[in-house]
Protein chains: 2
Amino acid sequence: MIIIYFLIFAVRFSHQREKIREIVYNTNSHPTADKIFLEAKKSIPKISLGTVYRNLKQLEISGEIKTIYDDNIARYDWNTEPHNHLKCKNCGDLIDIVLKDKSIHPKIKKDFKFNVDKVEMFIIGTCKKHAKQT
Amino acid sequence: MIIIYFLIFAVRFSHQREKIREIVYNTNSHPTADKIFLEAKKSIPKISLGTVYRNLKQLEISGEIKTIYDDNIARYDWNTEPHNHLKCKNCGDLIDIVLKDKSIHPKIKKDFKFNVDKVEMFIIGTCKKHAKQT
DNA sequence: AAATAAATAATAATCATTCCTATTATTATT
DNA sequence: AATAATAATAGGAATGATTATTATTTATTT
Ligand SMILES: [Mn+2]
Ligand SMILES: [Mn+2]
Ligand SMILES: [Zn+2]
Ligand SMILES: [Zn+2]
C-alpha cells in the first residue's frame with residue numbers, strides 16, 4: 001500500500017511581504033529585523049514586528065533572501081550568492097566580499113572526511129573610514 | 001598638571017570561577033553557558049546562571065577562554081589559539097581546524113583598504129558520522 | 001456574492017543574556 | 001584570631017531578540 005500526502009501551502013500575495021522584500025532588496029547594509037520593521041512602518045503604519053519576522057523567514061525559505069548572524073543578532077541580505085563579509089569592529093559595517101578560493105574543500109574532505117556545503121566567514125578588522133594617517 | 005588614575009581591580013579567588021574554568025578546559029564540545037551551568041551544578045548545587053555568565057565573560061577578558069557565536073548562541077572554547085570550526089549541520093558538532101593560510105590578509109588590505117584582525121570562519125557541512133555508503 | 005483558508009495585528013510567551021541587590025566569602029590589616 | 005574592606009555570589013527581576021497564539025482581515029476560489 002502506498003500512501004501519498006500532498007501538503008499544499010498556497011502562498012498568496014500580501015502588501016506587507018512585498019514591502020519587506022522591497023526593503024531588503026534596496027538596502028545594502030544587511031539590516032536587522034527591527035530596521036526593516038521601522039522602514040516598513042513608514043508606508044504600512046500598522047505593520048507588526050511579528051509579520052516582519054514571519055515574512056523574512058518565509059523569504060529565506062523560498063531562497064529570496066539570506067540570513068546572516070552578526071554575533072548574536074540576525075541580519076538580512078538580498079545577496080543570495082555565496083559571498084563573505086568584512087566586519088568593521090569600529091563602525092559595525094558589513095562589506096560584501098567574494099573569495100572564489102574553493103581549495104579548502106578537498107583538503108577538508110581528505111583530512112576530516114567532512115563534506116563542505118558552504119563557508120561562512122566574518123573577516124573582522126577596521127574599514128578604510130578609520131584609516132590612520134601614514 | 002598630570003593626573004594619573006589607578007583603577008585597581010583585585011580579582012580574587014572563587015570556587016565558582018575555578019569550577020567554570022575547569023569545565024571549559026575539560027570540554028571539547030564548545031559548550032554553551034547553560035551546559036556549563038548544568039555541569040557546575042553537580043558540584044556546586046547553589047551556583048546561579050548569572051555567576052556562570054559573569055565569570056565566562058571575565059575569563060574571556062583575561063584571555064583564558066574564547067567566545068564563539070554559533071548562529072545566535074554563545075559557546076565557549078578553551079582553545080584561544082587562532083583556529084576555525086567545521087560545523088556539522090546534521091548533529092551540530094563543532095570540530096576544530098587550523099587553516100594556516102594568511103594569504104587573504106594582504107589581498108583584502110589591497111582591494112578594500114581593510115585592516116584584518118582576525119578571520120572567523122564556520123565551515124558548514126556534514127561530518128563523517130553521517131557519511132553515506134559509497 | 002459566498003466560501004475557504006492564508007496572512008495579519010496585537011499581544012503573550014520564550015529564550016538567552018544582563019542587571020540589581022542584599023548577603024556571603026576572600027583577602028588584607030590589626 | 002578578630003576586624004575591616006570590598007569582590008563575588010545567589011536569586012530574581014529586567015532586557016532584547018525572536019517565536020507562538022488567536023481573533024480578525026484579506027486574497028483567492030467557487
Ligand atoms: Mn552580504
Ligand atoms: Mn574551537
Ligand atoms: Zn568602519
Ligand atoms: Zn555530524
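Chain letters run A, B, ... following the sequence lines, proteins first and then strands; every chain starts at 1.
Of the side-chain N and O atoms in Gln16(A), none sit less than 4.0 angstrom from OP1 or OP2 of dT26(D). At dA5(C), none of the side-chain N or O atoms of Arg12(A) fall inside 4.0 Å of OP1 or OP2 (strictly under the cut-off). In this model, the phosphate group of dT18(D) is not approached by any side-chain N or O of Asn72(A) to a distance below 4.0 Å at OP1 or OP2. Side-chain nitrogen and oxygen atoms of Ser14(A) include none within less than 4.0 Å of the OP1 or OP2 phosphate oxygen of dA6(C). For Gln58(A), no side-chain nitrogen or oxygen approaches OP1 or OP2 of dA6(C) to under 4.0 Å. In this structure, Tyr53(B) does not reach the dT18(C) phosphate: none of its side-chain N or O atoms is under 4.0 Å from OP1 or OP2. Contact between the side-chain N/O atoms of Ser48(B) and the OP1/OP2 oxygens of dG11(D) is not found at any separation under 4.0 Å. Contact between the side-chain N/O atoms of His15(B) and the OP1/OP2 oxygens of dA8(D) is not found at any separation under 4.0 Å. Distances shorter than 4.0 Å separate some side-chain N or O of Lys46(A) from OP1 or OP2 on dA10(C).
Placement of Ile108(B) and Val119(B) within a single hydrophobic cluster is found when ILVMFWY residues are connected by side-chain heavy-atom separations under 4.5 Å, directly or transitively. When the side chains of ILVMFWY residues are joined at heavy-atom separations under 4.5 Å, either directly or via intervening members, Val116(B) and Ile95(A) end up in a single hydrophobic cluster.
Heavy atoms of Asp34(B) sit nowhere under 4.0 angstrom from any nucleic acid atom. As judged by a 4.0 angstrom heavy-atom cut-off over every strand, Leu49(A) is placed among the base-contacting residues.
Within a 6.0 Å radius of NZ in Lys35(B), no more than 12 heavy atoms belonging to other residues, nucleotides or ligands are found.
Between the CG atom of Leu56(A) and the C1' atom of dA7(C) there is a distance of 15 Å, rounded to whole Å.
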